[in-house]
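Here is the structure we will look at, set down as structure tokens.
A, B, ... follow the sequence lines: proteins, then strands. Residue 1 opens every chain.
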Amino acid sequence: MTEICYITEYINKEVEIRGWVYNKRETSNIVFINIRDGTGVIQVLFLKERFTTIQVNQILSLLVESVISIKGFVRIEKKAPYKEVEVHASLYSILFENTVEFPISKKDHSDGFLMKYRHLWLRSSRQHLILKIRSAVINAVREYFEVNNFTLVDSPIFTASSCEETSTLFNTKWVNNESVYLSQSGQLYQEAACMAFRKTYCFGPVFRAEKSKTRRHLNEFWMVEPEMAFADLDRIIEVAEELICFTVSKVLEKHEKDLSDILERELTILKMLRRPFVRMTYVDAKHKLELLMNKQLEGDFGAPQETELSFMHDRPIVVTHYPAQVKPFYMKRDESDVRFVKCMDILAPEGYGEIIGGSQREEDYESLKKNILNTGLNEYDFSWYLDLRQYGTVVHSGFGMGIERLVAWICGLHHLREAIPFARTIERIRP
RNA sequence: UCCGCGGUAGCUCAGUAGGUAGAGCGAGUGGCUGUUAACCACUAUGUCGGCGGUUCAAAUCCGUCCCGCGGAGCCA
């Protein structure tokens, strides 16, 4: 059996392909069927004179997404819709004949309808490509860390305490009926790991019970979180920039044509991507925004401001030194101005906004303990974390990168839910 | 949780001086052509989200509930 992605290696040879009926058309003496096998799509030509009337009718009556096996010769044909190659069928056998119509047709569906049929929507060329790119992104990220001597140290998913906002924790019951939570981030455990391995990362699903209903939020998403001992804020920004550039270049290497053909992605910015990115402090960014919008801003940026910033340059923007009061307890204060912390957000251009958030961590025992108590967190739950500051504590930094947000930017997606196979959002846990 | 929009054929939608419904796609039938989301003609399909109210009469007006979508806050 031949996979369609390799079919051009079999020109003028006989192949057997198996796949799903993607589309079919008929002329006076030919039946055309496009076959999709998961690795590609190819046009199969049935010359009516080579089959009985019963066979021709059987082929014509196949509903979309029925399964068929075909033997035939691969021929070069300029008019063929895929790869300028088509298969001239000599034998076929029907492996599964659908009796109900496939709910997804070639056009005109709302997002709600398609999400309801997400299990079938995955078969469309667009969704197929997006998930192929997601796979390429994840492989590139892992490759970057392997090449740069990071060690994969998985963080646990069940945790006894929060590491961010307690209000967005998914609560469940442990074996002994004690309350446990689904992790919102693996970071705290990476801080432990990097003191053992120097450079580590984790990659896994994280869970946030946010009641957000926007296209940039999911309640379950995948995050990659590197952590480095002896690295300060500047160093971690370099790593983040390198990681993004490396990943984008790997994806383009493999999928550049499909990105522009199938997703109609304008690729100029992705192809021009180089470090360093645009750097600005929170205060700078705020001034720029205030000038642009002609009004005063207070506190953290909201999503609209982030989007504005994100449109201002043709490469990602690194915003550093946010006010301490809007950031979590573990971030290191800036010695030159303690109102701010040594943190960074990286905003993707083209209106996509935040894809990375990171910081230098507080390594001083007393300061960290004070922050934990001030945040109203339970000292007992964080005793192991505080312990790290008693045994050989060092400057260290890390960040979290949202895989779906990166995929969404690279693919130019409107909504994050297309960037994950089965999105979990406030309104949808099925399929 | 708050704000806004919506629920009419399998799908996407149109449908206000209130008079029990239409188009395109899909499906079926016929025709035409190496077709490309093929094309042309014809045919069938509806508890107009649920419940209650106003009215001679409700998809349309009122109340209420359910569901979906977008945004805010928060974040990756």
Task: Shortest side-chain distance from A/Leu218, nucleotide among B/A76, B/G70, B/U12 - done: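 Of B/A76, B/G70, B/U12, B/A76 is nearest to the side chain of A/Leu218.
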
Between [N] and [M], how far is it from one [atom1] atom to the other, in whole Å?
{"N": "B/U45", "M": "B/C25", "atom1": "C1'", "value": "14 Å"}
{"N": "B/G26", "M": "B/A37", "atom1": "P", "value": "12 Å"}
{"N": "B/G63", "M": "B/A41", "atom1": "C1'", "value": "49 Å"}
{"N": "B/A59", "M": "B/U47", "atom1": "C1'", "value": "12 Å"}
{"N": "B/C65", "M": "B/A27", "atom1": "C1'", "value": "35 Å"}
{"N": "B/C48", "M": "B/A58", "atom1": "P", "value": "12 Å"}
{"N": "B/C67", "M": "B/U54", "atom1": "C1'", "value": "26 Å"}
{"N": "B/G22", "M": "B/A14", "atom1": "C1'", "value": "7 Å"}

Open item on the list: When you compare the side chain of A/Val141 with that of A/Leu243, does any pair of heavy atoms fall below 4.5 Å?
Closed with: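 Side-chain contact under 4.5 Å: yes.
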
If I take atom [atom1] in residue [X] and atom [atom2] in nucleotide [N], what distance separates them, rounded to the nearest angstrom?
{"X": "A/Ile403", "N": "B/C75", "atom1": "CD1", "atom2": "P", "result": "21 Å"}
{"X": "A/Ile355", "N": "B/C75", "atom1": "CD1", "atom2": "C1'", "result": "14 Å"}
{"X": "A/Ile346", "N": "B/A76", "atom1": "CD1", "atom2": "P", "result": "12 Å"}
{"X": "A/Ile244", "N": "B/A76", "atom1": "CD1", "atom2": "P", "result": "14 Å"}

Open item on the list: Can you see if the side chain of A/His415 gets near the phosphate of B/G70 - specifically, an N or O under 4.0 Å from OP1 or OP2?
Closed with: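 Yes, such a contact exists.
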
- [ ] Give a yes/no on whether any side-chain N or O of A/Arg216 is located under 4.0 angstrom from OP1 or OP2 of B/C75.
- [x] no

Task: Full working for ring-ring contact (aromatic ring centres under 6.0 Å, His included) between A/Phe382 and A/Phe329 - done: CA-CA 12 Å; A/Phe382 288 92; A/Phe329 66 90; 5.4 Å; yes

Task: Side-chain donor/acceptor of A/Arg18 to backbone N/O of A/Val67, under 3.5 Å - done: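 No, the answer is negative, given that no donor and acceptor are paired below the 3.5 Å cut-off.
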
Open item on the list: Using a 3.5 Å distance criterion without hydrogens, assess whether the side chain of A/Glu404 forms a donor-acceptor pair with backbone atoms of A/Trp222.
Closed with: yes

Which part of the nucleic acid, if any, lies within contact of [X], taking any heavy atom under 4.0 Å across all strands shown: a base, the sugar-phosphate backbone alone, or nothing?
{"X": "A/Glu225", "answer": "nothing"}
{"X": "A/Leu416", "answer": "base"}
{"X": "A/Met223", "answer": "sugar-phosphate"}

Which atom pairs link the protein and nucleotides 32-35 of chain B when you take only N or O atoms and keep those under 3.5 Å?
residue	atom	partner	partner atom	Å
B/U33	N3	A/Glu26	O	3.1
B/U33	O4	A/Glu26	O	2.7
B/U33	O4	A/Thr27	N	3.4
B/U33	O4	A/Ser28	N	3.4
B/G34	OP2	A/Ser28	OG	3.4
B/G34	O2'	A/Lys79	NZ	2.7
B/G34	N1	A/Glu86	OE1	3.4
B/G34	N1	A/Glu86	OE2	2.6
B/G34	N2	A/Gln43	NE2	3.3
B/G34	N2	A/Glu86	OE1	2.5
B/G34	N2	A/Glu86	OE2	3.2
B/U35	O2'	A/Arg25	NE	3.3
B/U35	O2	A/Arg25	NE	2.7
B/U35	O2	A/Arg25	NH2	2.8
B/U35	O2	A/Gln43	OE1	3.4
B/U35	N3	A/Gln43	OE1	2.9
B/U35	N3	A/Gln43	NE2	3.1
B/U35	O4	A/Gln43	NE2	2.9
B/U35	O4	A/Lys79	O	3.0

Open item on the list: Pairing check on B/C39: which nucleotide meets the Watson-Crick or G-U wobble criteria with it, both distances under 3.5 Å?
Closed with: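 Pairing partner: B/G31.
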
- [ ] Can you tell me the pairing partner of B/C75 across any strand shown, Watson-Crick or G-U wobble, with both distances under 3.5 angstrom?
- [x] none

- [ ] Spell out yes or no: do the side chain of A/His217 and the base of B/C75 have one donor N/O and one acceptor N/O closer than 3.5 Å?
- [x] yes

Open item on the list: On RNA chain B, compare the nucleotides closest to A/Gly402 and A/Lys78; which residue's is nearer the 5' end?
Closed with: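 The residue whose closest nucleotide sits nearer the 5' end is A/Lys78.
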
Task: Name of the residue among A/Asp345, A/Asp284, A/Asp234 meeting salt bridge (charged side-chain N to carboxylate O under 4.0 Å, His left out) with A/Arg279 - done: A/Asp234

